[in-house]
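Data block below; observations after.
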Amino acid sequence: MSAVSDRLPTFPWDKLEPYKKTAAAHPDGIVDLSVGTPVDPVPELIQKALIAAADSPGYPTVWGTPELRDAITRWVEHRLGARGVTHRHVLPVVGSKELVAWLPTQLGLGPGDKVAFPRLAYPTYEVGARLARAEHVAYDDPTELDPAGLKLLWLNSPSNPTGRVLSQEELTRIVAWAREQGVLVLSDECYIELGWEADPVSVLHPDVNGESYDGIVAVHSLSKRSNLAGYRAAFLAGDPAVLGPLLQIRKHGGMMTSAPTQAAVVAALGDDEHVRVQRERYAARRAVLREALLAHGFRIEHSEASLYLWATRDESCWDTVAHLADRGILVAPGDFYGPAGATFVRVALTATDDRIRTAAHRLTP
């Protein structure tokens with residue numbers, strides 16, 4: 001086991017514990033804006049669907065029920081503008097983090113292969129490469145990468161941590177380049193329904209992919225848009241030539257979404273209203289936090305989408321973390337997401353309205 005764990009970096013969140021203790025010692029308690037875990041209730045219609053499916057004594061299937069696959073294909077066409085999506089184009093997964101961490105291994109990548117991801121990125125992209133013993137490389141513009149040995153290219157729009165959105169033109173250019181080089185594109189689009197100052201576009205849109213899913217797969221999650229982080233509910237959509245073998249591998253591995261969760265996802269994807277309500281909550285919290293951070297002397301970059309504000313005081317991110325912890329506010333240091341984040345912090349919108357107002361009050365000059 002040590003041979004596997006030795007390949008991995010120190011779990012980043014462990015480094016935050018001393019600052020969490022400082023923030024928790026505030027007389028009025030901690031306002032935790034670090035991890036980004038949902039705090040609002042699971043919508044009632046989703047809870048009811050879960051409960052109705054609670055009597056599920058048999059094994060679920062890895063590919064999911066036909067009803068689940070129907071729900072995913074309908075949503076991908078309705079919400080993302082995709083065309084001609086069939087059951088062969090979709091695959092449920094047990095939360096998106098599991099997929100990101102184990103995808104390079106399941107694709108058969110290893111020494112000599114390269115996995116690329118943005119310069120500022122979700123740390124699990126690198127973890128997945130390390131677990132597979134593949135090389136990893138960070139990019140500013142993926143089309144400037146050396147394609148030799150490059151097997152998997154991660155895109156992330158809207159970005160975690162920065163909230164940056166890739167334009168339709170950028171996505172089209174990157175997809176065309178990757179196809180020319182024979183590189184598989186995985187587009188992490190888990191925050192696509194949370195655009196504030198930009199309208200995120202999926203690689204599944206025909207204007208991006210030329211009405212072909214060859215060499216592209218999108219990753220989607222219900223954790224944030226439906227408050228289902230505790231359900232572990234996500235899915236892939238895209239190239240059947242990629243998803244078909246993945247399905248067989250995951251069957252052997254028993255990587256099944258629970259039957260009640262599958263039923264809950266069907267309900268969640270069939271309802272737009274709860275997503276609208278949750279968006280409004282986050283938009284209001286974002287406005288309050290953004291104004292407070294700016295008034296406190298922060299500069300905010302990108303952040304046109306997603307659940308975070310990417311903020312800086314042009315100092316070490318750890319100095320900023322300490323500064324805010326002294327005020328009872330916990331945020332994520334930018335270097336969790338790569339060296340390029342060394343002077344930034346990621347501030348999550350995932351706290352109750354009351355705690356968001358509390359944080360804003362503490363930031364008032």
Worksheet entry | Sidechain-backbone polar pair: Glu135 side chain, Val115 backbone, donor-acceptor under 3.5 Å | no
Worksheet item: Counting distance only, does the side-chain N/O of Gln278 pair as donor-acceptor with the main-chain N or O of Ser226 below 3.5 Å?
Response: no
Item to complete: Identify, with sequence neighbours excluded, every residue that meets salt bridge (charged side-chain N to carboxylate O under 4.0 Å, His left out) alongside Lys48.
Response: Glu44
Worksheet item: Backbone N or O of Ser159 within a donor-acceptor pair of the Asn156 side chain at under 3.5 Å?
Response: no
Discussion item. Under a 3.5 Å cutoff, is there a donor and acceptor pairing between the side chains of Ser34 and Asp32?
Written reply: yes
Fill in: N-O pairing of Glu17 and Lys15 below 4.0 Å
no
Worksheet item: Any side-chain donor paired with an acceptor under 3.5 Å for Glu315 and Thr320?
Response: yes
Worksheet entry | Neighbour count above 12 (heavy atom, 6.0 Å) for Asp14 CG | yes
Discussion item. Checking His323 against Arg327: is there a side-chain donor and acceptor pair closer than 3.5 Å?
Written reply: yes
Worksheet item: How many angstroms lie between atom OG1 of Thr73 and atom CG of Leu269, to the nearest 0.5 angstrom?
Response: 10.0 Å
Discussion item. Is there a side-chain contact between Ile329 and Val331 in this structure, where contact means two heavy atoms from C-beta onward sitting under 4.5 Å apart?
Written reply: yes
Discussion item. I'd like to know if Asp28 pairs up with Arg362 as an ion pair, taking the criterion as any Lys NZ or Arg NE/NH1/NH2 lying under 4.0 Å from an Asp or Glu carboxylate oxygen.
Written reply: yes
Worksheet item: Out of curiosity, His89 NE2 to Leu204 CG, how far, rounded to the nearest 0.5 Å?
Response: 9.5 Å
Worksheet item: Is there a donor-acceptor contact under 3.5 Å linking the side chains of Ser202 and Glu189?
Response: yes
Worksheet entry | Sequence neighbours excluded, every pair satisfying side-chain hydrogen bond (donor to acceptor under 3.5 Å, both in side chains) that has a member inside residues 115-126 | Arg119-Asp140, Tyr125-Asp188, Glu126-Arg130
Worksheet item: Is it true that Tyr282 and Trp196 have ring centroids separated by less than 6.0 Å?
Response: no
Practice prompt. Provide the full list of salt bridge (Lys or Arg N to Asp or Glu O under 4.0 Å) pairs with a residue in residues 203-231, sequence neighbours left out, each pair given once.
Written response: Arg83-Glu211, Glu193-Arg225
Worksheet item: Crowded around Arg279 CZ? As in, over 12 foreign heavy atoms under 6.0 Å?
Response: yes
Discussion item. I'd like to know whether CD of Gln47 has more than 12 heavy-atom contacts from other residues, nucleotides or ligands below 6.0 angstrom.
Written reply: yes
Worksheet, complete the sentence: d(Leu145 CG, Ile174 CD1) to nearest 0.5 Å is 10.0 Å
Worksheet item: Is the side chain of Asn209 donor-acceptor paired with the backbone N or O of His205 at a distance under 3.5 Å, no angle test?
Response: yes
Worksheet item: What is the ring orientation for His136 with Phe117, classed by angle as parallel under 30°, tilted 30 to 60°, or perpendicular over 60°?
Response: parallel
Worksheet item: Is the backbone N or O of Ile216 less than 3.5 Å from a side-chain atom of Asp239, with the two atoms forming a donor-acceptor pair by type?
Response: no
Worksheet item: Going by distance alone, is a donor N or O of one side chain under 3.5 Å from an acceptor N or O of the other, for Asp326 and His26?
Response: no
Item to complete: Mind checking side chain to side chain contact (heavy atoms under 4.5 Å, CB included) for Thr343 and listing every partner two or more places apart, or none if nothing turns up?
Response: Thr312
Worksheet item: Below 6.0 angstrom between ring centroids: does that apply to Trp75 and Phe235?
Response: yes
Worksheet item: Roughly how far, to the nearest 0.5 Å, is the CG atom of Leu294 from the CD1 atom of Ile300?
Response: 4.0 Å
Discussion item. Testing the 3.5 Å rule here: is there a donor-acceptor pair between the side chains of His78 and Asp272?
Written reply: yes
Worksheet entry | Shortest non-hydrogen contact between Val201 and Leu171, atoms and distance | O-CD1, 3.3 Å
Discussion item. Over 60° means perpendicular and under 30° means parallel, so tell me whether Trp310 and Phe344 are parallel, tilted or perpendicular.
Written reply: parallel
Worksheet item: Taking the six-membered ring of Trp63 as reference, does the NZ or CZ atom of Arg69 fall below 6.0 Å from its centre and within a 45° cone about the axis?
Response: yes
Worksheet item: Who are the side-chain hydrogen bond (donor to acceptor under 3.5 Å, both in side chains) partners of Arg179, not counting sequence neighbours?
Response: none
Discussion item. Under a 3.5 Å cutoff, is there a donor and acceptor pairing between the side chains of Thr143 and Arg173?
Written reply: yes
Worksheet item: Within the side chain of Thr172, is there an N or O that forms a donor-acceptor pair under 3.5 Å with the backbone of Gln168?
Response: yes
Fill in: side chain to side chain contact (heavy atoms under 4.5 Å, CB included) against Glu98, all qualifying residues, sequence neighbours excluded
Val93, Val94, Trp102, Gln106, Arg250, Met255
Worksheet entry | Value rounded to 0.5 Å, distance of OG in Ser56 from CG in Leu50 | 9.0 Å
